[in-house]
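One structure below.
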Amino acid sequence: MRVLVRSRNLGILLVAVGLGACAGAPKGVLAPVAATVPGASRVDMLVATTRKTAANPGELYSGDRGPALSYADITVSIPPDSVRQPGTVQWPKELPGNPATDFVTLKAETLDRPEAAARLRRNAARTGKRHVLVFVHGFNNRFEDAVYRFAQIVHDTKADVVPVLFTWPSRGSVLAYGYDRESTNYSRNALEGVLRRLSQNPEVAEVTVLAHSMGNWLVLESLRQMAIRDGRVAPKIRDVVLAAPDVDVDLAREAFRDMGPARPRLSLFVSQDDNALAVSRLVWGNSGARLGAIDPSSEPYRTELARENIAVLNLTAMKGDDALNHGKFAGSPQLVALLGNRLAQGQTITDSRVGLGDRIVQMTAGAAATVGTAAGLAVSAPVAVLDAQSRETYGEHLRNLGQGIGDTAEGAVDLATAPARALGGR
């Protein structure tokens, strides 16, 4: 059996080596282009991030954790509405991108903290907008994914807000669930600080936080910390929108309680057919329901949600645009008032550009168990030959399996000793 597993993994390794020469999606889409085209739209956003600076200037920030909070000022050009479907991001197929058909970057400048504060004040004063929308992305997002997705949200919803993106260190790989989860914990203090400083800014009248997927855990933890430190969540933080939250229900209850009675208005978007949250529950050993997958009409949730005055929209009956049903999104009355009617018509907030091979790994394994991951890679190896996104991330998937093919094979067969090796090292 061990020989068969090693042989299978050796075959996977050979496929991966062969794929190393294959070109994936273009890197460096954040390198500014010279100009845009008539009819294109511009979205200016301030970015705060706990990511590490990337070696490639066109990526700006990597999936690694940075030593301190960093800031950037980014302008995205969105192609004319006549050539695109609302709710979608048109990624360049080659560099430089074509602003007539693709999302492209017009400006990407790093800032220090005083410069970022000054830029926010100028943007608010110049546009007359005093309502800040903070977006916190979910699992499996590269820096450019978060930037372009947020630009799409701001543009398509015609939200009358000052956009602020908070992006935390995500590997942009479906097999990096553990790393991503720990990165949200790593970023709690930073997000709390950003939200506090926004609330203290005299040019800001109101703050709304929109979180998706794993980003909800980061938002709830940061607001909980703020309430514990300051006695309450800052009053200017009026609304928090929790979209498909990948958060344990019991931990969410604790966060709601610790925020106190003067907490922001909460809106919750759930779907019982969210396959990504089903996988997340498997990752955590079926230890508890994920908040984004509950049935709000059943007890004890129905009574609790009513008692806590949490607005809920159940999206289970809605057809999703993504294979995992994790990107469903519509609008509560609060959200419609903020983000406009288009968001209420069912746009999606996706977790990166997930390839077919990645979906197979995700659905096969739960993206965590060694035996499942190895099986998922074995199945997806032929798919990677055809699917660009799978080719791009396949090598990283293999590296994330463990320190070597031999260790992975042994872990896949001998589950009894795998936990001890994981805790004790080699």
Side-chain angles (χ1 to χ4, degrees), residues 23 25-47 56-61 71-111 115-116 118-135 137 141-165 167 210 321 327 329 331 336 338-350 352-353 388:
K27 298 283 189 178
V29 296
L30 297 181
V33 301
T36 187
V37 297
S41 302
R42 297 164 57 110
V43 174
D44 298 297
M45 71 178 72
L46 184 67
V47 180
N56 179 359
E59 296 178 37
L60 208 59
Y61 292 98
Y71 299 90
D73 185 13
I74 296 179
T75 300
V76 177
S77 171
I78 298 176
D81 291 343
S82 59
V83 299
R84 62 178 300 270
Q85 186 73 22
T88 60
V89 173
Q90 285 67 41
W91 290 93
K93 296 180 175 58
E94 58 183 9
L95 297 180
N98 181 358
T101 57
D102 306 327
F103 277 53
V104 296
T105 306
L106 300 179
K107 179 177 66 176
E109 300 176 354
T110 58
L111 308 171
E115 289 173 333
R119 195 70 54 92
L120 179 70
R121 287 194 298 270
R122 286 201 299 271
N123 288 347
R126 184 182 71 251
T127 62
K129 299 173 182 177
R130 303 185 63 206
H131 191 162
V132 172
L133 173 65
V134 179
F135 177 54
H137 62 79
N141 269 233
R142 294 181 176 137
F143 183 74
E144 62 265 30
D145 295 325
V147 168
Y148 278 10
R149 178 56 65 187
F150 189 35
Q152 174 265 311
I153 293 170
V154 172
H155 172 268
D156 288 350
T157 60
K158 304 189 185 309
D160 191 23
V161 295
V162 177
V164 175
L165 169 66
T167 171
L210 170 62
D321 291 334
F329 205 75
V336 171
L338 170 65
L339 300 182
N341 291 330
R342 292 198 179 193
L343 196 57
Q345 294 169 2
Q347 294 187 27
T348 60
I349 300 177
T350 62
S352 188
R353 294 156 285 160

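This chain uses plain numbering: 1 for the first residue, then up along the sequence. All values below come from the heavy atoms of this structure, side chains included, with hydrogens, waters and symmetry mates left out.
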**OP:** Would you sort out whether His137 and Thr167 count as a side-chain contact (heavy atoms from CB on, under 4.5 Å), showing the intermediate values?
**Re:** CA-CA 7 Å; His137 62 79; Thr167 171; 2.9 Å; yes
Identify the two heavy atoms, one from [X] and one from [Y], that lie closest to each other, and give their separation to 0.1 Å.
X: Leu60; Y: Ala72; answer: CD2-CB, 4.2 Å
X: Ala151; Y: Ile78; answer: O-CD1, 3.6 Å
X: Val37; Y: Ala100; answer: CG2-CA, 3.8 Å
X: Ile153; Y: Phe135; answer: CD1-CZ, 4.1 Å
X: Pro99; Y: Val104; answer: CB-CG2, 3.8 Å
X: Glu59; Y: Phe143; answer: O-CD2, 3.6 Å

Nearest 0.5 Å, what's the [atom1]-[atom2] distance between [X] and [Y]?
X: Ser77; Y: Lys107; atom1: OG; atom2: NZ; result: 13.5 Å
X: Glu115; Y: Thr110; atom1: CD; atom2: OG1; result: 8.0 Å
X: His131; Y: Asp160; atom1: NE2; atom2: CG; result: 9.5 Å
X: Lys93; Y: Asp102; atom1: NZ; atom2: CG; result: 6.5 Å
X: Arg142; Y: Leu30; atom1: CZ; atom2: CG; result: 12.0 Å
X: Asn123; Y: Met45; atom1: CG; atom2: CE; result: 11.5 Å

**OP:** Report the C-alpha separation of Arg149 and Val89 in whole Å, then their side-chain angles, then the decisive distance to 0.1 Å, and conclude whether the side-chain contact (heavy atoms from CB on, under 4.5 Å) test is met.
**Re:** CA-CA 7 Å; Arg149 178 56 65 187; Val89 173; 3.9 Å; yes
Subject >> Mutual orientation of the aromatic rings belonging to Tyr148 and Phe103 [parallel < 30°, tilted 30-60°, perpendicular > 60°] >> reply: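 Tilted: the ring planes of Tyr148 and Phe103 meet at 30° to 60°.
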Original post:
Would Leu106 and Val33 satisfy side-chain contact (heavy atoms from CB on, under 4.5 Å), going step by step from the backbone distance to the final call?
Top reply: CA-CA 6 Å; Leu106 300 179; Val33 301; 3.8 Å; yes
**OP:** Among Thr105, Val43, Asn141, Leu165, find the residue that satisfies the side chain to side chain contact (heavy atoms under 4.5 Å, CB included) test when tested with Val147.
**Re:** Leu165
**OP:** Run the salt-bridge test on Arg84 and Asp156 with the 4.0 Å N-O cut-off and return the result as yes or no.
**Re:**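 So Arg84 pairs with Asp156 through a salt bridge.
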